[in-house]
A.B. asks: 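Mind looking over this structure? Questions follow.
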Amino acid sequence: MSKKSIAIVGAGITGLSAAWALKKSGGHADIFERKGEPGGAIKTVQNSMWQLEYGPNTLLLKQKEVKEMIDAVGLKGDMLTANPGAKKRYIIKNGKPEPLPYSVLSAVKTPLFSPGGKLRIAMEPFIFKSRNRDQSVAEFVKRRLGPEILDYAINPFVAGIFANNPEDLSLQHAFPVMDSLEQEYGSLIGGAIAKYFRKKNPGKIPSSLVSFKNGIQQLPVALAKETGPCYFNHDVAKIGKGEGGWYITSQMGVHGPYKQVVVNVPVYKWNRDFLPVTGQQLDQLQAIEYPPLSIMLLGYRKEDVEHPLDGFGFLVPEKEKRSILGALFSSTLFEGRTPEGHHLLTVFAGGGRSPDVARMESEKLLHIVQKELRELLGVTAEPVFKDHVFWPKSIPGYHMGYDKILSVLDEIESENPGLYLAGNFRNGISVPDCISNGIQLGERLAKRS
């Protein structure tokens, strides 16, 4: 191993972004990864003429620093912007896909909400803000916007992002922007209007939904090549402090010493042998729920799907009593994902709403998914391509009282100078959040190395 002052355990997007920012500032890190490839939950698979995403499908590009990173690792020419036709998003209402409103006029006309529900939205600026910061997403939305918005907008939206339920997530931590709008302006609508006219943030660029020619995993692959060295197939069993600094123990031996170590590994994989934590700290961290999630990737001939698939995809409210959470119209989003004349659907099932569905064996789940796609999209034939990905533990849920989780993470770092805990269990679960968090961490490492 090279003699460097910093080690990063886990080649997920947060750790790789930290390594890139560190190198940009003149530093370097050894990166250790259990698997034989970088990316963590980001994984693209090429199966004949089908290009499949087993984890995140897109990257919402809105930060200048993220765009600079993409350009710096040589992906500017390979970056793809989503098809403009994919802007339309559907919500299932009474068994039918209804487009989400995209303008004031469409909001007035939409059948998603009743006249009373629309009037309730208009009353939002007159609702007093809550003094309770630790409120659930469901409590907040029902109070400020009414039950219809909760049932037919936020409930499916939360299922699509967190694979979870709005009743189980903390507004302050899962949707901090909504929380800050209420706290600062006393209103979501009023706050959004005020922010629109406020001076633009120089760190932001016009947002766009992107991927890459070879899929979303092309980004972590490029980062690993750029930042290196990246030691794959190193299953790290222990991270501990000894004479001269921190040491990394894997099946390949003991590596170190390092002045600083970043741990970019999901919390559910931690134990007292892996990290210098107490049993009490581990017990407290086990409160983080990672719901199971199944992803079915299904290919159809275009003539076998009645719906035009003219959008991003659809989400299913819990009120509709379906087994699936929603689906992406993957072949509409980006070109080159399928053979000519075919559609690709990425269907999500399970999550915190119905964990038992996620755990079903492939053929049983496929039968359920096929039935619901037939009813919702007019799928008239069996898929010509199918794949099933099961995540036993998918996305961390920022539950009520998540402040305690964050304080435990802070406590562990405070007790172990030079140790940094990074990942989607902290400061946002999205790919852009993880990249931004990684870049900020890399800049801190550079200052302290």
A.B. asks: Compare every heavy atom of D433 with every heavy atom of N427, then report the nearest pair and how far apart it is.
C.D. replies: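 Smallest interatomic distance, heavy atoms only, reads O-CB, 3.9 Å.
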
A.B. asks: Strictly by salt bridge (Lys or Arg N to Asp or Glu O under 4.0 Å), give each pair with a member in residues 125-136 just once, sequence neighbours left out.
C.D. replies: R133-D179

A.B. asks: Give a yes or no answer on whether the side chain of D304 reaches the backbone of Y300 with a donor-acceptor pair at less than 3.5 Å.
C.D. replies: no

A.B. asks: Sequence neighbours excluded, which residues qualify as side-chain hydrogen bond (donor to acceptor under 3.5 Å, both in side chains) partners of E340?
C.D. replies: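 Expected list: none.
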
A.B. asks: List the steps, then state whether salt bridge (charged side-chain N to carboxylate O under 4.0 Å, His left out) holds for E289 with K393.
C.D. replies: CA-CA 8 Å; E289 179 194 2; K393 294 182 180 291; over 6 Å; no

A.B. asks: Any side-chain heavy atom of F162 within less than 4.5 Å of one from F175?
C.D. replies: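 Side-chain contact under 4.5 Å: yes.
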
A.B. asks: Locate the shortest heavy-atom distance separating F334 from N57; write the atom from each residue and the value.
C.D. replies: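 Result for this residue pair: CE1-O, 4.2 Å.
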
A.B. asks: Can you pull the ring-ring contact (aromatic ring centres under 6.0 Å, His included) pairs that have at least one residue in residues 34-79, sequence neighbours excluded?
C.D. replies: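 Sorted result for residues 34-79: W50-H342, W50-F385.
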
A.B. asks: Say whether S330 and E53, considering side chains only, have a donor N or O and an acceptor N or O under 3.5 Å apart.
C.D. replies: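 No pair is found: no donor N or O on one side chain lies under 3.5 Å from an acceptor on the other.
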
A.B. asks: Would you please test L376 and R322 for side-chain contact (heavy atoms from CB on, under 4.5 Å) and show each step?
C.D. replies: CA-CA 10 Å; L376 299 175; R322 296 278 176 176; 3.8 Å; yes

A.B. asks: Determine whether more than 12 heavy atoms belonging to other residues, nucleotides or ligands lie under 6.0 Å from atom NZ of K225.
C.D. replies: no

A.B. asks: Answer yes or no: is there a side-chain heavy-atom contact under 4.5 Å between E98 and K96?
C.D. replies: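 Yes, close enough: below the 4.5 Å cut-off.
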
A.B. asks: Which heavy-atom pair separates R144 from I127 by the least distance, and what is that distance?
C.D. replies: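 Between these two residues, the closest heavy atoms are NH2-O, 3.0 Å.
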
A.B. asks: side-chain contact (heavy atoms from CB on, under 4.5 Å) between L297 and N47: does it pass, once the steps are laid out?
C.D. replies: CA-CA 11 Å; L297 299 124; N47 189 324; over 6 Å; no

A.B. asks: Passes side-chain contact (heavy atoms from CB on, under 4.5 Å), V263 versus I239? Steps please.
C.D. replies: CA-CA 9 Å; V263 181; I239 300 169; 3.6 Å; yes

A.B. asks: Taking 4.0 angstrom as the limit, do E37 and K43 come out as a salt bridge?
C.D. replies: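 Between K43 and E37 there is a salt bridge, with a charged N closer than 4.0 Å to a carboxylate O.
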
A.B. asks: Can you find a heavy atom in the side chain of L219 that is under 4.5 Å from one in the side chain of I435?
C.D. replies: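 Contact flag for L219/I435 side chains = yes.
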
A.B. asks: I'd like to check K67 versus L61 (side-chain heavy atoms, cut-off strictly below 4.5 Å). Are they in contact?
C.D. replies: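 Answer yes - side chains close enough.
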
A.B. asks: When you measure from the side chain of E361 to the backbone N and O of K364, does any donor-acceptor pair fall under 3.5 Å?
C.D. replies: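 Yes, the answer is positive, given that a donor and an acceptor are paired below the 3.5 Å cut-off.
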
A.B. asks: Ignoring hydrogens, what is the shortest heavy-atom contact between P99 and Y90? Give both atom names and the distance.
C.D. replies: N-CD2, 3.6 Å

A.B. asks: Are there more than 12 heavy atoms of other residues, nucleotides or ligands under 6.0 Å from atom NZ of K23?
C.D. replies: yes

A.B. asks: Tell me, yes or no, whether the heavy-atom count around E335 atom CD, taken from other residues, nucleotides or ligands under 6.0 Å, exceeds 12.
C.D. replies: no

A.B. asks: Apply the test side chain to side chain donor-acceptor pair (under 3.5 Å) to residues S294 and H388: give CA-CA distance (whole Å), side-chain angles for both, the deciding distance (0.1 Å), then the verdict.
C.D. replies: CA-CA 7 Å; S294 268; H388 178 201; 2.8 Å; yes

A.B. asks: With rounding to the nearest 0.5 angstrom, report the CG to CG distance, L345 to L298.
C.D. replies: 6.5 Å

A.B. asks: With no hydrogens and no angle check, is any side-chain donor or acceptor of H234 less than 3.5 Å from a backbone partner on F232?
C.D. replies: yes

A.B. asks: List the atom of P156, the atom of I91, and the distance in Å for their closest heavy-atom pair.
C.D. replies: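 Closest approach of P156 to I91: CG-CD1, 4.0 Å.
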
A.B. asks: Does R120 pair with E148 as a salt bridge, N-O distance under 4.0 Å?
C.D. replies: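 So R120 does not pair with E148 through a salt bridge.
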
A.B. asks: With sequence neighbours excluded, what pairs up with T81 under the side-chain hydrogen bond (donor to acceptor under 3.5 Å, both in side chains) test?
C.D. replies: none

A.B. asks: For the pair E226 (side chain) and A222 (backbone), establish whether a donor and an acceptor sit closer than 3.5 Å, ignoring hydrogens and angles.
C.D. replies: no

A.B. asks: Kindly indicate whether a cation-pi arrangement holds for K269 with F274, taking the cut-offs as under 6.0 Å to the six-membered ring centre and within 45° of the axis.
C.D. replies: no

A.B. asks: Around atom CD of Q280, are there more than 12 heavy atoms from other residues, nucleotides or ligands closer than 6.0 Å?
C.D. replies: no

A.B. asks: Taking the side chain from Q217 and the backbone from T44, do they hold a donor-acceptor pair closer than 3.5 Å?
C.D. replies: yes

A.B. asks: Please determine whether a side-chain nitrogen of the Lys or Arg among E139 and R143 lies less than 4.0 Å from a carboxylate oxygen of the Asp or Glu.
C.D. replies: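 The answer is no: the pair does not qualify as a salt bridge.
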
A.B. asks: Can you tell me how far the OG atom of S170 sits from the CD atom of Q135, to the nearest 0.5 Å?
C.D. replies: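 S170 OG to Q135 CD: 8.5 Å, rounded to 0.5 Å.
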
A.B. asks: Are H173 and D403 close enough, and set up right, to give a side chain to side chain donor-acceptor pair (under 3.5 Å), and what steps lead you there?
C.D. replies: CA-CA 8 Å; H173 297 291; D403 279 335; 2.9 Å; yes

A.B. asks: When rounded to the nearest 0.5 angstrom, what is the spacing between CD1 in I324 and CD in Q370?
C.D. replies: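 Separation between the atoms: 10.5 Å.
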
A.B. asks: Salt bridge (Lys or Arg N to Asp or Glu O under 4.0 Å): which pairs involve residues 151-169, sequence neighbours left out?
C.D. replies: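 Counting only pairs at least two positions apart or across chains, the salt bridge (Lys or Arg N to Asp or Glu O under 4.0 Å) contacts touching residues 151-169 are D151-K319.
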
A.B. asks: Any side-chain heavy-atom pair from E124 and S187 closer than 4.5 angstrom?
C.D. replies: yes

A.B. asks: Working to the nearest 0.5 Å, report the span between CG of L333 and OG of S211.
C.D. replies: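 Here the interatomic distance stands at 9.0 Å.
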
A.B. asks: Is the closest side-chain heavy-atom distance between F425 and Y290 below 4.5 Å?
C.D. replies: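 Result yes, sub-4.5 Å side-chain heavy-atom pair found.
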
A.B. asks: Starting from the C-alpha separation in whole Å, work towards a yes-or-no answer on side-chain contact (heavy atoms from CB on, under 4.5 Å) for N155 and L315.
C.D. replies: CA-CA 9 Å; N155 175 278; L315 292 171; over 6 Å; no

A.B. asks: Does any part of the side chain of P396, heavy atoms only, come nearer than 4.5 Å to the side chain of I429, both counted from C-beta?
C.D. replies: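 Side-chain contact under 4.5 Å: yes.
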
A.B. asks: Tell me, do P291 and P355 make a side-chain contact under 4.5 Å, heavy atoms counted?
C.D. replies: no

A.B. asks: For T110, what residues pass the side chain to side chain contact (heavy atoms under 4.5 Å, CB included) criterion, not counting sequence neighbours?
C.D. replies: P101, L112, F113, K118

A.B. asks: Distance from I295 atom CD1 to W391 atom CH2, nearest 0.5 Å?
C.D. replies: 7.0 Å

A.B. asks: Assess whether a salt bridge exists between R426 and E413, defined as any Lys/Arg side-chain N lying under 4.0 Å from an Asp/Glu carboxylate O.
C.D. replies: yes

A.B. asks: In Å, rounded to the nearest 0.5 Å, how long is the span from CG of N164 to CZ of R353?
C.D. replies: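 So the gap between those two atoms works out to 10.0 Å.
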
A.B. asks: Taking everything shown except K93 itself, do over 12 heavy atoms lie less than 6.0 Å from its NZ?
C.D. replies: yes

A.B. asks: Considering all heavy atoms of both residues, which atom of I405 and which atom of A287 are nearest to each other, and what is their separation?
C.D. replies: CD1-CB, 4.3 Å

A.B. asks: Under the 3.5 angstrom rule, does the side chain of E182 hit a backbone N or O of L188 as a donor-acceptor pair?
C.D. replies: no

